[in-house]
Number of protein chains: 2
Amino acid sequence: MLPTIAWKNGMVVMVDQRFLPLKEKYLTLKTVEQVARAIENMVIRGAPAIGIAAAYGLTLGVQHLRPGVDIDKEFSRFYQRLWQTRPTARNLFWALERMKKVFEANRSQGLPAVKKILLSEARAIEKEDLEINKKIGQYGQKLIPDGATILTHCNAGALATAGYGTALGVIRAAFARKKKIKVLADETRPFLQGARLTVWELVRDRIPVTLITDNMAGWLMQRGEISLVIVGADRIARNGDTANKIGTYSLAVLAKEHRIPFYVAAPLSTFDFNLSTGKNIPVEERNPDEVRKAGHQFITLPEVPVKNPAFDITPGRLISAIITERGIIEKPYAGKLRSSYP
Amino acid sequence: MLPTIAWKNGMVVMVDQRFLPLKEKYLTLKTVEQVARAIENMVIRGAPAIGIAAAYGLTLGVQHLRPGVDIDKEFSRFYQRLWQTRPTARNLFWALERMKKVFEANRSQGLPAVKKILLSEARAIEKEDLEINKKIGQYGQKLIPDGATILTHCNAGALATAGYGTALGVIRAAFARKKKIKVLADETRPFLQGARLTVWELVRDRIPVTLITDNMAGWLMQRGEISLVIVGADRIARNGDTANKIGTYSLAVLAKEHRIPFYVAAPLSTFDFNLSTGKNIPVEERNPDEVRKAGHQFITLPEVPVKNPAFDITPGRLISAIITERGIIEKPYAGKLRSSYP
């Protein structure tokens, strides 16, 4: 299993995803601020992994509180800091809210008990995420025909979750059932999660993978070289509108044009049941230097204006099915996606 | 005017486009082989510029022939070498065929005369290309509304031609008429012609330009932030099917989905009147390391399999109009695109 994030001796350890696959470097984080910056700077990324990191971040802050401190005030400070790290992925807020509920329910037991209970809750979030991914994989692999060539975008793999992955979990499950599949990985500019992380994961698992640039998918579809598309998600509204890594929407339009199935794989913690459509999902605009650089090197004039939306929103009508830990939901989604689902 | 290519003291001088915009480095080429490699390695690129480079390359070879040599044999060797440099851009073959005709018509006048005549023909090809671009600009700017935000892909600018550019020529002409326009430049992986060359050209001309990654166009179209798309071409068949830089086809599909005009700007030397459709246009597959690297740096596992088609083919039905030096041709193209056109 890949070491996305772990709690170790009262500290949070994560692989620095900015340097993969060329360097495998681990960071040991000791403060809430360090975890918050790791999320902001994309040391760790991927909606479920961000949620787990936030849960451990809160735990870390509380672990180091000394007797006599105002725990409510401190908890609230940690919570706010982590809440503000990234705006789009639903799992971040979901995990923080879940931790807060547990904090509030057990607050009266005193600091030593709260420390234990929060750590145990963060560990549960991590453990459950792994189990959820396995379930998503089991359901989702039914949608993968033997012999399929599967296009995926960004990294919805072990590195984006507690392990196994959502979209890559489906691919792993299909591969484990001996289906003869091939994966095309979009490099996913500007941060290159496809070229760096998806390629690395699939090569390690010996799943056949071919790297392409983001602008090649249309041409390969025109030539009949792609059987289906599967991606993860950062936030899903009740009508199926899905925020995911920039470029996802273009792939969904191209898939429709070529009558190719387009699937989203995500845990229920990615769903925002408060939103009836994707219209109000906040789309993060990141540092322009991410676009001005590739890897760690400038590729253009350092002062050129840039747009850098990190996500886009794909209308539910372009998504053939959404795969969750409770099964496959086919479009149309209206009325099917409720917090009481299924 | 930008110094794409020039004949100087019996040598061919070109800016090395692989290093722009971070380094402005000039190469002085003295042999046919050097010119052939400069084309293959994309020191110079862009269909019209490749044609000019090939014409000068032939000239260079013939200039250095000594009396008594078998000029037919030598000419044929030079011609074959240049012919094999790149397969897709029509202008390469057009320029070589034009030079060959002149060679054959004047062959009997002897080597000194042939040297002069070929140099004069290559210079004419260069000079005409510049005039053609200005005409394309004059016609094409009529299609650009005041206030438009224009998406362009790759570099169809001064650096892809003798100067001024095709798609960027249209943009320059609209800007010269004081239309308030903004340009979005796709970075154009893997070779980054947009981020490196288009950005550089437009910043020099003070035309407002914003850089985006290739996977952002769909999202910006969905948000109504793109008025039209204009690109160059490498080869155009009689039905309007157009080979152009990889990613062009995806943009055309996205433009259709969002009802945004999609224009191609190209000289008649880019048309292949022998081809009724784009089906038989050869699409070059380039070195996988172009995809494994960004700039001059590996971004992924150095051994991962890669696809690297340098071009794709956009069906004529997705192209709203083609702008040539003889005017604007609107779809459908069947019957309109003939060698006797207009």
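Proteins come first, then strands; the chains are lettered A, B, ... in the order of their sequence lines, and each starts at number 1. These figures come from a predicted structure and were not determined experimentally.
- Across Ala294(B), Pro315(B), Pro21(B), the residue that shares the most heavy-atom pairs under 4.5 angstrom with chain A is Pro21(B).
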Less than 3.5 Å apart and able to act as donor and acceptor by atom type: which atom pairs between chain B and chain A qualify?
| from | atom 1 | to | atom 2 | distance (Å) |
| --- | --- | --- | --- | --- |
| Glu187(B) | OE1 | Arg189(A) | NE | 3.2 |
| Glu187(B) | OE1 | Arg189(A) | NH2 | 2.7 |
| Glu187(B) | OE2 | Arg189(A) | NE | 2.7 |
| Arg189(B) | O | Asn215(A) | ND2 | 2.9 |
| Arg189(B) | NE | Glu187(A) | OE1 | 3.2 |
| Arg189(B) | NE | Glu187(A) | OE2 | 2.7 |
| Arg189(B) | NH2 | Glu187(A) | OE1 | 2.7 |
| Ala195(B) | O | Thr300(A) | OG1 | 2.5 |
| Leu211(B) | N | Pro305(A) | O | 2.9 |
| Leu211(B) | O | Lys307(A) | N | 3.2 |
| Asp214(B) | OD2 | Asn215(A) | ND2 | 3.2 |
| Asn215(B) | O | Gly247(A) | N | 3.4 |
| Asn215(B) | ND2 | Arg189(A) | O | 2.9 |
| Asn215(B) | ND2 | Asp214(A) | OD2 | 3.2 |
| Gly218(B) | N | Ser250(A) | OG | 3.4 |
| Gln222(B) | NE2 | Ile313(A) | O | 3.0 |
| Glu225(B) | OE1 | Lys307(A) | NZ | 3.4 |
| Gly247(B) | N | Asn215(A) | O | 3.4 |
| Tyr249(B) | OH | His258(A) | NE2 | 2.6 |
| Ser250(B) | OG | Gly218(A) | N | 3.4 |
| Lys256(B) | NZ | Glu257(A) | OE1 | 2.8 |
| Lys256(B) | NZ | Glu257(A) | OE2 | 3.2 |
| Glu257(B) | OE1 | Lys256(A) | NZ | 2.8 |
| Glu257(B) | OE2 | Lys256(A) | NZ | 3.2 |
| His258(B) | NE2 | Tyr249(A) | OH | 2.6 |
| Thr300(B) | OG1 | Ala195(A) | O | 2.5 |
| Pro305(B) | O | Leu211(A) | N | 2.9 |
| Lys307(B) | N | Leu211(A) | O | 3.2 |
| Lys307(B) | NZ | Glu225(A) | OE1 | 3.4 |
| Ile313(B) | O | Gln222(A) | NE2 | 3.0 |

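- With chain A as the partner, the residue from Ile212(B), Val199(B), Leu251(B) showing the most heavy-atom pairs under 4.5 Å is Val199(B).
- Contacts of Ile313(A) with chain B are made by both backbone and side-chain atoms, with heavy-atom separations under 4.5 Å.
- Heavy atoms closer than 4.5 Å to chain B are found in the side chain of Leu192(A), but not in its backbone.
- Interface remark: Leu197(A) contributes no atoms to any contact with chain B (heavy atom separation under 4.5 Å).
- Here Pro305(B) is the residue among Gly247(B), Pro305(B), Gly218(B) with the most heavy-atom pairs under 4.5 Å with chain A.
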Test log, rule side chain to side chain contact (heavy atoms under 4.5 Å, CB included), inputs Val253(A) and Met221(B): CA-CA 12 Å; Val253(A) 170; Met221(B) 287 183 190; over 6 Å; no

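- Residue contact with chain B, scored on non-hydrogen atoms closer than 4.5 Å, involves the backbone and the side chain of Val209(A) alike.
- Heavy-atom distances place the side chain of Leu22(A), and not its backbone, under 4.5 Å from chain B.
- Rounding to the nearest 0.5 angstrom, the gap separating the CD1 atom in Ile299(B) from the CG atom in Leu211(A) is 6.5 Å.
- Residue contact with chain B, scored on non-hydrogen atoms closer than 4.5 Å, involves the side chain of Val304(A) exclusively.
- The contact between Val203(B) and chain A is made entirely by side chain atoms (from C-beta outward), counting heavy-atom distances below 4.5 Å.
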